[in-house]
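Comments concern the structure below.
Quick caveat, the model's predicted, so the values are computed rather than measured. Here, residue 1 is the first one in the sequence, and each next residue gets the next number.
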Amino acid sequence: MRSKGRRPVGALMAALALVGGLLTAAASPAAARPEQAPARGAAQADAYTWKNVRVDGGGFVPGIVFNRKEKNLAYARTDIGGAYRWDQPGKRWVPLLDSLDWDHWGWTGVVSLASDPVDPDKVYVAAGTYTNSWDPGNGAVLRSSDRGASWRSTTLPFKLGGNMPGRGMGERLAVDLNKNSVLYLGAPSGNGLWRSTDSGVTWSKVTAFPNPGSYVQDPSDTSGYLSDNQGVVWVTFDERTGTSGGATKTIYVGVADQDNTVYRSTDAGATWSRVAGQPTGYLLSHKGVLDSKNGCLYLTTSDKGGPYDGEKGQVWRYTTATGEWKNISPMADADTYFGYSGLTVDRARPGTLMVTGYSSWWPDTQIFRSTDSGATWTRAWDFTSYPDRSFRYTQDISSVPWLTFGTNPSPPEVTPKLGWMTEALEIDPFDSNRMMYGTGATVYGTENLSNWDTGGKITITPMVKGLEETAVNDLVSPPAGAPLLSALGDIGGFRHTDPDAVPAKMYASPTFTTTTSLDYAETNPNTVVRVGNNDSAPRIAFSTDNGANWWQGSEPSGVTGGGTVAAAADGSGFVWAPEGTSAVYHTTGFGTSWSASSGIPAGAVVESDRKNPRKFYGFKAGTFYVSTDGGATFTARASSGLPADGPVRFKALPGAEGDIWLAGGSASGAYGLWHSTDSGATFTKLSGVQQADTIGFGKAAPGASYQALYTSAKIGGVRGVFRSTDAGASWTRINDDAHQWGWTGAAITGDPRVYGRVYVSTNGRGILRGDIS
């Protein structure tokens, strides 16, 4: 299976580089204090309705949390796409963090979530995407008293890592079941254990806690991503050791330390000690869950932090009354080639628990179930006569058919897969028949779990409607055919024939792990090209039926990544600037052979003129380039005043030769929006646009002669999504403070067929479609 959740490489690395340095939230160096909500801009001037272009899922869901007091109240957390609340009547997820603005994009990564077991209206989120330099802002604890409809925030004096290694462990954030004003938070990077005694408003370090963790995935990684200490990873209360209104006395805490992974306090957190007799040697406890009905603490362990890695693991039971530790692993060590992570107990049936082999990539993930406290186990699937398998489940993905990933594997593999990166696993505490689990691309679940124990089969279906977690790299809306084509991280992208319906299949033949760029021929929109990332070729594909079917193109030697690509206005040729090579390349026809272009540097961003099929454009490091011979030779044109650093995106206006709009730059240099009407010989900067990161075109307003412009920008001191109907003379903000989605700087396009319709990219909240209300 190709999709493996969010990685700090490829398209996502490029996206993060674009936003580095923009987050400015401050934090006290000594303790975390509450801050006012981020300052908001002016209200929108034009009312818009926003909803997702449906994909349903598309990213890693490392955490699912059911409330212990109220039935049907559940939450999901994602690594870069915010948090969601389950809506039982609609059987869908409702996004909760869309109000996060551009400056707080890092808070869209959720490393932990806690639902108050005493007051169900309260919910808490530990937010922050990276602990290294890619995310310049500190983490925060967000708190809500209306189930996520609105939030207050407390910035922490350290970073959190919702998209860091180890993000599937947890939950790091926990509310005391007896005194709900007390919360604990396990921190990464050696920052230890933190506590709040005022419902998350202020936080202080628990100085008595002895071990901030020691495990790092790769100490030699100079970027700080793989070399970060994964820290304190879960907190569990023994609710039996407290009374209502009084702090729970016994607390267990898991630490990323292969020899010292479980600690306990018996005096409400005043003192702590390592639990004697615990497993040692190479095991990290990904999860620690206490079944208060029978007094057992269960651990799932792995030799690695996950979510991708893990070659060995065990499951352990600690009997709190006697202090006995027992290895209750479902498989013998000699047969185990994966780590355990997902862990849940059935609150209505003491002694019933389930665990997952989260890193069992082949032939599939594994889910185990025990009804006798781990003495014996059954499995979701078993080998019969290799390569044949028997299954305790049936899987129906008709609601999200692309989950086959376009594969047709040979046994013992099947499609769709049961899952991968299965670190989130929860049995509904009010309904023993309902179980949900997260994967690298979706949320699966069942509502007939008891069939597992009676010889029947459980039915597994996607329970992911409303949860949109794709990272968007590029978008195009052709004048004919499908209204939208997308280039996405991890799952490639789709031809969206109906934005309100889940696509039947992703791009295939070939399939890319990530699509970085795509284009269509303006006067022949059936001709489409896309490029992307793969471990090896192919990295370019062509279509002559508007993206419905594809075939693999050849590629120059040395290509390591997709880069950017442009199609001639009539589809007669293409220009490609791939990663890893020393040149930009051009071809006629469909890329059976490529020739290096002259006069333009490698790595330039390339686009085509939308009227003249012989004309292509490029930009890099402050200089704009133009070719009039199909991309064979380029000439440097404008270079004065254009951004010398920072990302730049530009597009040529359909139907008008040489009409170019260029957006981009950096806060330390030139940054804004420029316009050229002479094929890039000169550019004029729009004075009212302080910053701009994307530019797109859509159908002209009624009575207007110039196409509508759309941009993600800062205009008049306000960050937002804007539309202009008078060629940039004036701008109207079309999003509002409730619809900001963190970072929206990768791509934007209007719809050439529907005035006012716009498609906006996000980095983890999928594709947003806006229409005039």
Side-chain angles (χ1 to χ4, degrees), residues 1-16 50-62 76-84 92-93 95 97-98 105 108-110 129 162-163 399-403 405-406 420-421 438-443 462 464-477 482 484-496 498-508 511-518 530 532-533 547 562 694 712 741-749 759-769:
M1 186 61 63
R2 294 180 182 276
S3 180
K4 300 180 181 179
R6 300 299 181 269
R7 291 184 175 184
V9 294
L12 182 57
M13 274 292 291
L16 292 168
W50 294 95
K51 59 182 178 178
N52 275 100
V53 174
R54 284 189 68 185
V55 169
D56 284 18
F60 180 36
V61 179
R77 64 178 172 93
T78 71
D79 50 5
I80 65 171
Y84 292 80
R92 61 178 294 128
W93 297 97
L97 297 181
D98 285 359
W105 68 267
T108 62
V110 179
T129 304
N163 197 33
S399 63
V400 191
W402 62 261
L403 283 168
F405 281 72
W420 61 100
M421 297 161 59
T439 78
T442 195
V443 176
V464 74
K465 184 179 180 181
L467 195 156
E468 298 285 347
E469 204 196 342
T470 50
V472 186
N473 295 323
D474 203 0
L475 298 169
V476 296
S477 183
L484 185 70
L485 303 174
S486 62
L488 306 179
D490 290 337
I491 59 171
F494 298 91
R495 181 177 186 257
H496 303 270
D498 179 357
D500 293 319
V502 177
K505 61 180 182 178
M506 62 177 60
Y507 299 140
T511 299
F512 303 152
T513 53
T514 288
T515 301
T516 58
S517 176
L518 76 165
R530 60 182 168 95
N533 297 338
T694 59
S712 174
W741 316 292
W743 188 73
T744 55
I748 194 169
T749 184
Y759 303 100
V760 179
S761 70
T762 72
N763 187 39
R765 263 289 284 126
I767 308 164
L768 275 302
R769 187 185 90 195

Gap between atom CG of D98 and atom OG1 of T762 - 0.5 Å precision: 9.0 Å
message: Once rounded to the nearest 0.5 Å, what's the spacing between atom CH2 of W741 and atom OG of S761?
response: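 If we round to the nearest 0.5 Å, W741:CH2 and S761:OG are 10.5 Å apart.
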Is the side chain of [X] donor-acceptor paired with the backbone N or O of [Y] at a distance under 3.5 Å, no angle test?
{"X": "T129", "Y": "G109", "answer": "yes"}
{"X": "T439", "Y": "A441", "answer": "yes"}
{"X": "D490", "Y": "G440", "answer": "no"}
{"X": "T108", "Y": "I80", "answer": "yes"}
{"X": "T694", "Y": "A747", "answer": "no"}
{"X": "T514", "Y": "G489", "answer": "no"}

Can you see which heavy atom on [X] is nearest to which on [Y], and at what distance?
{"X": "P503", "Y": "V55", "result": "CD-CA, 4.3 Å"}
{"X": "N533", "Y": "T513", "result": "O-OG1, 2.7 Å"}
{"X": "Y507", "Y": "F494", "result": "OH-O, 2.8 Å"}
{"X": "M506", "Y": "F405", "result": "CE-CD2, 3.6 Å"}
{"X": "D500", "Y": "R769", "result": "OD1-NH1, 3.5 Å"}
{"X": "G466", "Y": "D56", "result": "N-OD1, 4.3 Å"}

Would a 4.5 Å heavy-atom cut-off, applied to side chains only, mark [X] and [Y] as touching?
{"X": "R54", "Y": "K465", "value": "yes"}
{"X": "R92", "Y": "V464", "value": "no"}
{"X": "P95", "Y": "R765", "value": "yes"}
{"X": "L518", "Y": "L475", "value": "no"}
{"X": "Y84", "Y": "T78", "value": "yes"}
{"X": "K51", "Y": "L768", "value": "no"}

- prompt: Is the distance between the ring centroids of Y759 and W50 under 6.0 Å?
  reply: no
- prompt: Do the numbers put R530 on top of the ring of F512, so that NZ or CZ is under 6.0 Å from the six-membered ring centre and no more than 45° off the axis?
  reply: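 Cation-pi check for R530 and F512: passes.
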message: Given S486, which partner from the list I491, N473, I767, V53 fulfils the side-chain contact (heavy atoms from CB on, under 4.5 Å) test?
response: I767
- prompt: Out of V760, L484, D474, V476, which one pairs with T749 under the side-chain contact (heavy atoms from CB on, under 4.5 Å) rule?
  reply: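 Exactly one option meets the side-chain contact (heavy atoms from CB on, under 4.5 Å) with T749, and it is L484.
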